[in-house]
Amino acid sequence: MSASQTLGGPSRCGRVLGPSLDKIIKNAAWRKHSHLVSSCKSVLDKLETLPDAALPDPSSPLLGLSSSDADFVLNPILLALDSNYAKVADPALECVFKLFSAGVVRGEIDGKISDSIMYKIVDSVCKVGGIGEESVELAVLRALLSAVRCPCVLIRGDCLLQVVRTLYNIYLGGLNGTNQICAKSVLAQIMLIIFSRADEDSMDVSITTVSVSELLEFTDKNLNEGNSIYFCQNFVSEVMSASEGVPDLKLSQPVPVSQNGESKDEGEEIGSEKMKDEVELCPGGISSKIREDGFIVFKNLCKLSMKFSSQENPEDQVLLRGKTLSLELLKVIMDDGGSIWCSNERFLNAIKQFLCLSLLKNSALSVMSIFQLQCSIFMSLLTKYRSGLKAEIGIFFPMLILRVLENVLQPSFLQKMTILNMLEKIAGDSQIIIDIFVNYDCDVDSPNIFERIVNGLLKTALGPPPGSTTTLSAVQDITFRHESVKCLVGIIKSMGAWMDQQLKIGDSDLPSGSESETSAESHLTPSAEDGVVPDYELHLELNSELSDSATLEQRRAYKIELQKGVQLFNKKPSKGIEFLIKTKKVGNSPEEVASFLKKNTAGLNETMIGDYLGEREEFALRVMHAYVDSFNFKSIDFGEAIRFLLSGFRLPGEAQKIDRIMEKFAERYCKCNPNSFTSADTAYVLAYSVIMLNTDAHNSMVKDKMTKSDFIRNNRGIDDGKDLPEEYLGALYDQIVKNEIKINADSSVPQSKQANSLNKLLGLDGILNLVSWKQTEEKPLGANGHLIRHIQEQFKAKSGKSESVYHAVSDIAILRFMVEVCWGPMLAAFSVTLDQSDDRLTTTQCILGFRYSVHVTAVMGLQTQRDAFVTSVAKFTFLHCAADMKQKNVDAVKAIISIAIEDGNHLQEAWEHILTCLSRIEHLQLLGEGATTDASFLSVSNTEQSLMKKGTLQNPAVMAVVLGGSYDSTTVGVNSSRLVTPEQINHFIANLNLLDQIGNFELNHVFAHSQRLNSEAIVAFVKALCKVSMLELQSPTDPRVFSLIKLVEIAHYNMNRIRLVWSRMWNVLSDFFVSVGLSESLSVAIFVMDSLRQLAMKFLEREELANYNFQNQFLRPFVIIMQKSNSAEIRELIVRCISQMVLSRVTNVKSGWKSVFMVFTAAAADERKNIVLLAFETMEKIVREYFPHITETDATVFTDCVRCLIKFTNSRFNNDASLNAIAFLRFCAVKLAEGGFVCTNKSSDDGSSVSSINKDDSDVKGFAYIDDHGSYWLPLLTGLSKLTSDSRLDIRKSSVEVLFNILKDHGHLFSRVFWVGIFNSVVLPIFDGVCGRREMPVKDEQNLPTLRSSHHDGSTWDTETSTVAAQCLVDLYIGFYSVLRPQLSNVLSVLTGYLRSSIQGPASNGVVAMFRLIGELGSRLSEEEWREICLAIKEAAISMFPGFMKLLRTMDDIEVPDNSPSRSSTEASTDHGFTDHELEDANLQTAAYVVSKMKSHIAIQLLIMQVLPLHAIFSVLK
């Protein structure tokens, strides 16, 4: 062993060559290989002399050796390889492997330099594989892989192609399956090496190792011999890890690219013949050698994949295996491809010209492995390179995928499963889904791929229509349904993931599914293992443009409208054209309409086009003329001209229509070819004859075919009486018979209407005609060559059009249009599948689909779609008919809860369905636990028993649930007369056990989570919960309070929200509490009021800032219910609740005082004594102890307090309460005067203030502001004023005293203007009765002043009250004379009213009051005022004179008895005459009355006598 290590000398090259040469010498046959042996020995001797570190020779292929020495030392290896002797070739191959893996070989190996020693060695290695030894084949594979892998060597050109060809041959003809798998693996690894370097344009790249198991995914699984895959994987990995050396950077230098061929095609092998096709250069005509080699290999692989078997040997398996291998290698290249395929125009065009052509040709094959490979390659193109292949993908997607997907009745199971698996992968990439819709469904000139995918998946999910014939077994059909549902779920999930990515919604907001789900991020970006950058990041700036949603919306709307017009045209052409012109999709001129019909790119039906062109209406006729005139028939054969004309439409069946078209054609043809016929009549007849011949020759229904002689005979004399040449007619006959005249879009394969329309959209019918999915054998290119060339021309033509511009979009508004397309099919697929299937995996997918659909539609604000999905899930919970519940229904319940938590911010009106389900869940759980139902304490009767107790069958609540009902019914089974059997009950109980999977925590979590809802969502949540609660409480059979309790809970959870949001919430809650609080059911109303109390108590724990009104809003429901409720119990409960809340939270009531006083005001007027007294008791405590809190934040509350106290003064139940209320009014006046709750920066209306005589100026200034708050005084004073006419004496007296005391004590705070108003509106109306009766003595009570109407009917003042009132009035006037001086006439009017009184008491009071007024103010009165006083007294006296005279006349009629007779006489007289005695008594009473009146009159006169001396300057009135 040590000896062999020293063989070859100290040089690096020698250490590699020495042992191998020694082994060759030992294994060689001395006689047969004598020259080889001697050469080996000579080299060994030479190697011994070489130093370890020699000067490098750039031209040498070996490191450390000169060029000549390298040729010399490598010659034995070449001889050994050429010996065709396995024992010698083995060590030589081992030596080659070591040379490359050790990095000893350097430079470029190209077939153009055929005399190069390294080229010869590689060539010999390729040839030695044919010896027929398994070990030699593996050694060849190892050597060739190491040669290509070596970073110091660039094998290129024909040499590289030869390496690939050799590996092909080993794969196709390998001695065992393991070697064939190894050859295939080495080929795949070489492809990775070549194209990894081409992508980076460098030799120094990291290269992934091929996965052998993935290579066998579609084919060659039969080659696996035990552990072959493991062996091959290790084989490749060892070679890849053995390579060493520093990359030669010179090998990456760019070189000019030749424009003629790089390779040739020899059967199934790749050769070196120059290609005939031109190579399209990259810009500038410069490319690197590395990329040039990649281009050559790719092109040759594509050509090899297009090899078809010959007609002589249609089942050439070797060719088929070679084709399959080529496609597998192309798959490896595309899967591992980098940005070069999009960024480099040459490589992108290579995909378009070669790979797409290969896919096109191979699409005609029925071989399953080829179909799978095609789909896999197409998937790579779609995933990575779609931005540069828009037009191509638009063609292949319908051809490869949609065609199979839409075949529902008789599909190939494997093919369709392949397509469904592929669609599942597509659906997993959110960006692909979005890009497909944006670039195809929103493009007028592209097929609706996304729409067709969704509709195709729907058809598959629903299965074959009932009654149809299908080739599918039941298991296959179920499999298809499940897979299609998975695809739909994947699509909507990706849409949601993309939406969340754009909105930057965290993963926590995404629906979290079961174990079968994958994370959303896995759909957003490819995994690290794939190493793939999304296409839109790679190539966005080159051939794509960002599109805003508005533009896409216009494009989408335009396309939808255009398709609507096309559909209308295909039903009735004239209507369709009219619609298209009206919507401006087509111009209104005949030429523009003709151009539209001629293009035929919008799915127009060719038969309908022909019918329209044949119409006789004027506009249609002009369109037909314009259509025919658009053709240029110059120098075109007559038959070809007809064929050219009819290529775009099918002739109508009506002879007159054909006649019109042919007549115009003949005219146009003769105009383009004036020397062709004598006249247009000739062309017209001949054209008609050709059409008849075409129908005769190619219609299978015609038995007796027209012969050539018949055709010639039929056309005799048509040329202006002359015959056309027979040769000409014969040639025309042959041409028509051999080649039928038909439209371009004729297809031999039946297609659906939708497929037809969309295929024609891109001219795909010709392509699809090439593909026959029922074909059982391969077709050579042959007759379809012209179709393929036509498609290639389409590719080239489309590449320059705007439709090839790739659009990328980041605006989530695009999802609106996508949802419009897919929500209906998805809803149908999920609903039908969930309804019909009980398979857990399938139903789980459906429920996931519902959840993702709700997520997308809710976030996008699509109300109709969102509600449709939520309603469907809610219905599938079967909570409305629990007796039929299954596990899938429980899963739906879980989904409802998940939706509520994850998408609650966007549910809006859909919350009602969610909360209804939660209510029903709780109800069922309650029944299942046997707990007492809410109805037991909400109803009078307590007959409801639990589920497990006796009487279950008679329990109305249980019967209703067991019998079930519709989802929308508020109460299930209420009106049903059916009986519930024990079996139904048992089944129901068993189903209730399923609900054990949903605990109280899950239910409560929804409500606790409400505090995380946004402002809009929480309001919607509260609205829905109120509505559900209302339905619960109004249930006729089983009223419940679940939602009501939850309302209180969520109010508590959300107590910390901002006031603005709380206000909106409370507006909803307030209406609800009022509505239920006024319920006819007393128990329900009491429960609601108690709930409201709890809520209010919690809320009153929070402090309210000044000038806010929320506490008042919060207590408002109490006020409304108190005012409107007919139930005394409820009113008493409200008073108690308010009392409790106020007294316990008095410091936090703030603005709520207004509502508190409104409640007590209503209570004060209540008919129940206990309610009135209870309210006043609280009111008394509030005023006595907590008055400063009343006006702490809102001074206007004072007015409400006053009104409330005034209302209590009117109480008829307790005088003490009324008197106390009046006393509190005085207390309120004192507090009001203190001014602690009003703003001090206000000034009076007129800038002046008034003080009493005893107040100094400083005090006055301190209260100058009060004028701005007269509204606070006015209710208080007015209320007391009205109380002065109360029917109760003590109330009247007290109110008068309090009123005038308030005015006297605090009048100095009033402004002059306010005093005038108070005096006129408050003080004077008190004396209206006194003044009115004397001013209008002849009028009755009905004619008293209007303010009397506010007094108690029939009420009169007693003498004491009258005295107090008169004295108070004079005192008030005297005290505030400076302000009230202008009111002298009013005061005199009141006092003279006293004087006019017929009763001595009031008149005396008036006299006293008048005397005091004059006495106090006499020195201050002006002459005019004295005059006014005197005139008032005079008028009073004069007004009394008529009455006095009447009294005197009355005295004349009275007989006064004589007093002179004795006592005895008088008594006798009395004893004898009763009549006279009675008359005497009456006369005496009258005399007494007259005397009294006279005294009053005399008193007035005396007053006049007393007043006159007080002012001497006035003369006595005459």
Side-chain angles (χ1 to χ4, degrees), residues 443-447 558-633 636 641-654 656-669 671-672 687 691 741-747 753-754 756-766 790 794 797-798 801 803:
D443 194 325
V444 177
D445 299 315
S446 299
Y558 181 91
K559 183 172 185 178
I560 292 174
E561 208 163 41
L562 177 62
Q563 289 179 339
K564 181 179 179 182
V566 169
Q567 292 175 358
L568 192 57
F569 178 90
N570 290 339
K571 294 178 180 178
K572 192 167 185 179
S574 59
K575 294 291 184 182
I577 293 297
E578 181 181 345
F579 175 83
L580 291 170
I581 293 175
K582 182 180 178 180
T583 56
K584 298 182 180 180
K585 302 299 177 289
V586 181
N588 56 5
S589 67
E591 291 75 18
E592 289 173 301
V593 175
S595 175
F596 174 77
L597 296 177
K598 186 177 179 181
K599 290 178 182 177
N600 194 19
T601 57
L604 298 176
N605 185 285
E606 298 84 3
T607 302
M608 290 301 176
I609 295 176
D611 282 341
Y612 181 74
L613 293 176
E615 291 291 341
R616 65 169 178 265
E617 282 79 7
E618 181 182 356
F619 186 77
L621 198 60
R622 290 166 58 194
V623 170
M624 186 267 287
H625 285 189
Y627 185 91
V628 177
D629 287 340
S630 66
F631 289 89
N632 184 6
F633 298 125
I636 298 181
I642 295 178
R643 191 185 306 277
F644 188 24
L645 174 68
L646 299 181
S647 62
F649 67 93
R650 184 176 284 108
L651 277 174
E654 188 177 339
Q656 290 182 351
K657 293 184 178 183
I658 298 175
D659 181 78
R660 282 189 283 270
I661 296 173
M662 289 298 103
E663 184 179 10
K664 178 59 184 176
F665 165 74
E667 178 201 26
R668 179 62 180 170
Y669 186 81
K671 187 176 182 179
C672 293
I691 295 301
I741 297 176
K742 57 185 178 180
I743 60 174
N744 286 337
D746 267 343
S747 176
K753 291 182 180 179
Q754 184 185 23
N756 266 325
S757 173
L758 294 172
N759 293 336
K760 293 165 192 172
L761 203 63
L762 273 182
L764 297 182
D765 288 310
H790 173 65
Q794 276 189 327
K798 290 177 185 293
K801 292 184 179 180
E803 68 184 59

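Because the structure is predicted, anything quoted here is derived from the model rather than measured.
- Not a single donor-acceptor pair under 3.5 Å links the side chain of Asn605 to the backbone N or O of Asn570.
- The only member of Thr583, Val566, Val444, Leu580 that meets side-chain contact (heavy atoms from CB on, under 4.5 Å) when paired with Glu561 is Thr583.
- Atoms CD1 and OG, on Ile642 and Ser647 in that order, are 12.5 Å from each other to the nearest 0.5 Å.
- Considering all non-hydrogen atoms of both residues, Lys657 and Pro652 come closest at CB-CG, 3.4 Å.
- Lys585 and Leu562 get closest at one heavy-atom pair: CB-CD1, 4.1 Å.
- In this structure, the separation between CD1 on Ile691 and CG on Leu651 is 5.0 Å, given to the nearest 0.5 Å.
- Minimum interatomic distance between Gly648 and Glu606 (heavy atoms only, all atoms of both residues): O-CG, 4.0 Å.
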From CA spacing to verdict: side chain to side chain contact (heavy atoms under 4.5 Å, CB included), Ile577, Phe619: CA-CA 10 Å; Ile577 293 297; Phe619 186 77; 4.2 Å; yes

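- The shortest heavy-atom contact between Leu604 and Phe569 is CD2-CD2, 3.6 Å.
- A side-chain hydrogen bond (donor to acceptor under 3.5 Å, both in side chains) with Ser630 holds for exactly one of His625, Arg668, Lys598, Glu591; it is Lys598.
- Taking the six-membered ring where tryptophan is involved, the planes of Phe633 and Phe631 are essentially parallel, since the angle between them stays under 30° and well short of 60°.
- Under the side chain to side chain donor-acceptor pair (under 3.5 Å) criterion, Lys664 pairs with Asp629, Glu667, sequence neighbours left out.
- Note that CE of Met662 is 5.5 Å distant from CG of Leu645, once rounded to the nearest 0.5 Å.
- In this structure, CD on Glu663 lies 12.0 Å from CD on Gln656, to the nearest 0.5 angstrom.
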Side chain to side chain contact (heavy atoms under 4.5 Å, CB included) assessment of Val623 paired with Glu617: CA-CA 10 Å; Val623 170; Glu617 282 79 7; over 6 Å; no

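- With hydrogens and angles ignored, the 3.5 Å screen pairs no side-chain donor or acceptor of Tyr627 with any backbone N or O of Val593.
- Closest of all the heavy-atom pairs between Tyr669 and Ile636 is OH-O, 2.7 Å.
- Closest heavy-atom contact between Phe644 and Asn632: CE2-O, 4.4 Å.
- Considering only heavy atoms from C-beta on, Phe649 comes within 4.5 Å of Leu613 through its side chain.
- Within a 6.0 Å radius of CD in Glu618, other residues, nucleotides and ligands contribute 12 heavy atoms or fewer.
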